[in-house]
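Everything below concerns the one structure shown next.
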Amino acid sequence: MDSLRGRFPGEPEYLQAVEEVVGSIADVYDRYPAFDAQNLLERLCIPDRVFTFRVSWVDDHGKVRNNMGYRIQHCNAIGPYKGGIRFHSSVNLSILKFLAFEQTFKNSLTTLAMGGAKGGSDFSPRGKSDMEIMRFCQAFVTELWRNIGPDTDVPAGDIGVGGREVGYMYGWYKKMAREFTGTFTGKGIDFGGSLMRPEATGYGNVYFLLNMLATRGISLEGKRVAISGSGNVALYTAQKLLSLGAKVVSMSDSDGSVVIADGLTADDFEEIFELKTMYRGRISEFAERHPDRCVYYRRERPWRHVAADIAMPSATQNELDGDDARALLAAGVIAVSEGANMPSTPEAIREFQAARILYAPGKAANAGGVAVSGLEMAQNAQKVSWTAEEVDAKLRDIMADIHAQCLKYGTGTDGYVNYVKGANTAGFLKVARAMMAQGVI
Ligand code: NDP
Ligand code: 2IT
């Protein structure tokens with residue numbers, strides 16, 4: 001870690017993600033001296049390669065705008081590079097390096113053949129017209145297309161990149177490469193997208209949560225669940241929770257949080273879904289329409305304002321800190337299952353684990369999204385499409401398998417399951433075995 005800190009001093013998120021993994025796999029790494037003889041850990045922590053480029057595009061007023069573009073190809077030991085693209089003003093090298101690193105372990109856990117990657121831009125889709133989004137996506141892919149491909153590197157969505165953006169990027173890729181292959185996942189269902197991919201991350205997280213609750217014989221029905229975010233992951237998490245009889249008591253966006261003490265009704269959910277997906281509105285608009293049942297906290301996260309049994313952070317990294325964790329624990333939270341990547345700070349994780357509650361890190365709990373991306377790749381390769389029921393059944397099996405891997409490597413002598421250790425160890429061992437077999441490359 002000292003060596004990495006010295007070499008990459010301005011990359012706090014990347015160092016944070018690496019430290020969490022390195023800390024929890026130290027014992028298994030030391031058990032096999034052959035790993036260190038090949039300096040395996042350092043090779044695994046540093047991405048295979050990083051593309052950085054300028055993306056120039058013209059806005060609706062004829063003004064030329066310049067953004068940064070990136071693709072981190074972290075590791076392809078077990079399959080083609082695979083991971084999402086993020087468009088958000090906060091995007092920088094450190095954030096994408098942390099995400100690509102995490103993706104490598106997450107993809108390993110899915111049981112499918114996918115390596116780890118991530119990309120994105122500091123372009124903010126907020127307030128941009130449809131044509132501006134399209135021109136930006138085309139300019140971005142003009143730089144990227146030579147370095148991706150169905151067996152090379154397969155991007156998908158992440159924050160700020162959904163079906164619309166994937167459609168524009170895939171369209172331009174197809175034009176440049178003159179091929180119709182599944183080089184992006186999360187595509188529209190009319191041109192190779194998999195049924196259930198939009199739902200997969202949120203649904204998968206709820207399936208993972210059900211597996212965790214089952215270890216303690218706890219039912220989800222009637223439980224109050226605090227969610228953050230109101231994007232792809234948060235919305236489908238809420239939808240699945242409601243269908244299983246749980247109460248959704250909060251949602252948020254980058255402007256603030258809404259707390260609904262009695263829980264969202266099915267009509268409320270439809271209203272929020274439409275507001276967010278059709279009108280790209282703000283969660284405050286929902287709160288304003290229902291002042292009798294909602295409290296809105298401007299520029300605040302939900303955690304200190306909500307009485308919840310379960311928390312499912314589904315917005316962004318480091319959105320739940322030590323104080324938030326203590327507030328949730330004081331309110332009686334029994335489980336935390338992460339929809340976002342690295343939403344809990346190291347201090348928050350320590351609090352959850354010290355309190356012996358069920359705590360699942362994103363790389364295990366949110367792996368359903370990339371897992372169904374892997375299923376989309378499989379369908380594209382065979383030129384077939386599976387039914388929603390088939391994909392959902394595979395997603396449930398994959399989440400149960402990831403949970404079983406966490407139990408296998410994370411159960412301590414006192415019976416407490418350290419899901420961080422379990423996920424990191426299981427994810428690491430598969431990649432490590434593949435790297436050892438392939439030599440120093
Ligand atoms: P979306 O862009 O659809 O939604 C993101 C949500 O989080 C929005 O409500 C957004 O608010 C909020 N948000 C984003 N950045 C911030 C911030 N800095 N502070 C506060 N709120 C913020 O993205 P997704 O739902 O796809 O992604 C959410 C999380 O899930 C990310 O961590 C992502 O990496 C992770 N993830 C996504 C997967 C997927 O399949 N999409 C798969 C696995 C993990 P606003 O609208 O105001 O920007
Ligand atoms: O963080 C993630 O796992 C994603 N954004 C999904 C990646 C993918 O390739 O589907």
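Start at 1 and go down the list; that is how both ligands and their atoms are numbered.
- Near A340, the atoms of ligand 1 lying under 4.0 angstrom from a non-hydrogen atom of the residue are 29 (C), 30 (O), 32 (O), 35 (C).
- Closest to atom 9 (O) of ligand 2 among all protein heavy atoms lies K82 NZ, 2.6 Å.
- In M377, neither the side chain nor the backbone holds a heavy atom less than 4.0 Å from any atom of ligand 2.
- Residue contacts with ligand 1 include S252, since one of its heavy atoms falls under 4.0 Å from the ligand.
- Close contacts between ligand 1 and G229 involve ligand atoms 9 (O) [criterion: under 4.0 Å to a heavy atom].
- Distances shorter than 4.0 angstrom do not occur between any heavy atom of R86 and any atom of ligand 2.
- Tested against F140, the residues F53, W145, Y170, W57 include a single ring-ring contact (aromatic ring centres under 6.0 Å, His included) partner, F53.
- Ion pairing between K394 and D397 fails under the 4.0 Å rule for side-chain N and carboxylate O.
- Of all atoms in ligand 2, listed by their number and element, those nearer than 4.0 Å to a heavy atom of G157 are 4 (C), 5 (N), 6 (C).
- Closest non-hydrogen pair, A423 versus K363, comes out as CB-CG, 4.3 Å.
- At least one heavy atom of G160 sits under 4.0 Å from some atom of ligand 1.
- In terms of modelled atom types and a separation under 3.5 Å, the side chain of S250 and the main chain of A226 share no donor-acceptor contact.
- Residue D158 has at least one nitrogen or oxygen atom sitting less than 3.5 Å from a nitrogen or oxygen atom of ligand 2, judged on distance alone.
- Of the charged side-chain nitrogens involved, at least one lies within less than 4.0 Å of a carboxylate oxygen, so that D321 and R304 count as a salt-bridged pair.
- Look at R326 and E351 and you find a salt bridge, because one of the NZ, NE, NH1 or NH2 atoms lies within 4.0 Å of a carboxylate O, short of that distance.
- Atoms CE and CD1, on M169 and I85 in that order, are 5.0 Å from each other to the nearest 0.5 Å.
- Per-residue contacts place T316 under 4.0 angstrom from the following atoms of ligand 1 (heavy atoms of the residue considered): 15 (N), 16 (C), 17 (C), 18 (N), 19 (N), 32 (O).
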*Full working for side chain to side chain contact (heavy atoms under 4.5 Å, CB included) between R282 and S254*: CA-CA 9 Å; R282 314 305 304 156; S254 52; 3.5 Å; yes
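- In this comparison of A367, G231, G202, A365, the heavy atom closest to atom 8 (C) of ligand 1 sits on G231.
- No N or O atom of A156 sits closer than 3.5 Å to an N or O atom of ligand 2.
- Only side-chain heavy atoms of H88 come within less than 4.0 Å of ligand 1; its backbone N, CA, C and O stay farther off.
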*Decide salt bridge (Lys or Arg N to Asp or Glu O under 4.0 Å) for D253 and R126; before the verdict, give the C-alpha distance in whole Å, the side-chain angles of both, and the deciding distance to 0.1 Å.*
CA-CA 12 Å; D253 58 28; R126 205 166 157 178; over 6 Å; no
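- With a 6.0 Å radius and a threshold of 12 heavy atoms from other residues, nucleotides or ligands, K174 has its NZ atom at or below the threshold.
- Not a single heavy atom of G162 lies less than 4.0 angstrom from ligand 1.
- Between the side chains of W386 and S194, no donor N or O sits under 3.5 Å from an acceptor N or O.
- Within the 4.0 Å heavy-atom cutoff, M114 does not count among the residues contacting ligand 2.
- At a threshold of 4.0 Å, the pair D401-K408 does not count as salt-bridged, since none of the basic side-chain nitrogens sits closer than that to a carboxylate oxygen.
- When each atom of ligand 1 is checked for a heavy atom of G339 under 4.0 Å away, the hits are 30 (O), 35 (C), 36 (N), 44 (C).
- Atoms of ligand 1 lying under 4.0 Å from at least one heavy atom of S230, given by number and element, are 9 (O).
- Taking the six-membered ring for Trp and thresholds of 30 and 60 degrees, F101 and H74 have ring planes more than 60 degrees apart, a perpendicular arrangement.
- Counting only heavy atoms of the protein, atom 10 (O) of ligand 2 lies nearest to S373 OG, 2.6 Å.
- Only the side chain of N341 comes within contact range of ligand 2, with a heavy atom under 4.0 Å; no backbone atom does.
- Proximity of E102 to ligand 2, defined as any heavy-atom pair under 4.0 Å, is not found for any part of the residue.
- Distances from ligand 2 to the non-hydrogen atoms of A367 include no value under 4.0 Å.
- Here D158 pairs with R86 in a salt bridge; the nearest charged N to carboxylate O distance falls below 4.0 Å.
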*asked:* Checking E271 against R289 for the salt bridge (Lys or Arg N to Asp or Glu O under 4.0 Å) test, could you report, in this order, the C-alpha distance in whole Å, the side-chain angles of both residues, the deciding distance, and whether it holds?
replied: CA-CA 10 Å; E271 194 180 324; R289 283 186 220 150; 2.8 Å; yes
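- Interface atoms of ligand 1 facing R282, defined by a heavy-atom separation under 4.0 Å, are 45 (P), 46 (O), 47 (O).
- Each of the following atoms of ligand 1 lies closer than 4.0 Å to a heavy atom of S314: 28 (C), 29 (C).
- Under the 4.0 angstrom criterion for non-hydrogen atoms, R197 is in contact with ligand 1.
- Shortest contact from atom 33 (C) of ligand 1 to any protein heavy atom: D158 OD1, 3.2 Å.
- The shortest contact between atom 7 (C) of ligand 2 and any protein heavy atom is with G84 N, 3.5 Å.
- Between the NE2 atom of H305 and the CG atom of D324 there is a distance of 9.0 Å, given to the nearest 0.5 Å.
- The proximity of T201 to ligand 1, defined as any non-hydrogen pair under 4.0 Å, is limited to the side chain.
- Of all atoms in ligand 2, numbered sequentially from 1 with element shown, those under 4.0 Å from a heavy atom of R197 are 6 (C), 8 (C), 10 (O).
- Residue contact check: K106 has heavy atoms under 4.0 Å from atoms 1 (O), 2 (C), 3 (O) of ligand 2.
- Taking OG1 of T425 as the reference point, atom CD1 of I25 lies at 7.0 Å (rounded to 0.5 Å).
- Listed by number with element, the atoms of ligand 2 under 4.0 angstrom from any heavy atom of K118 are 1 (O), 2 (C), 4 (C), 5 (N).
- Of all atoms in ligand 1, numbered sequentially from 1 with element shown, those under 4.0 Å from a heavy atom of R86 are 31 (C), 32 (O), 33 (C), 34 (O).
- Using a cut-off of 4.0 Å between Lys/Arg side-chain N and Asp/Glu carboxylate O, R298 and D255 are scored as not salt-bridged.
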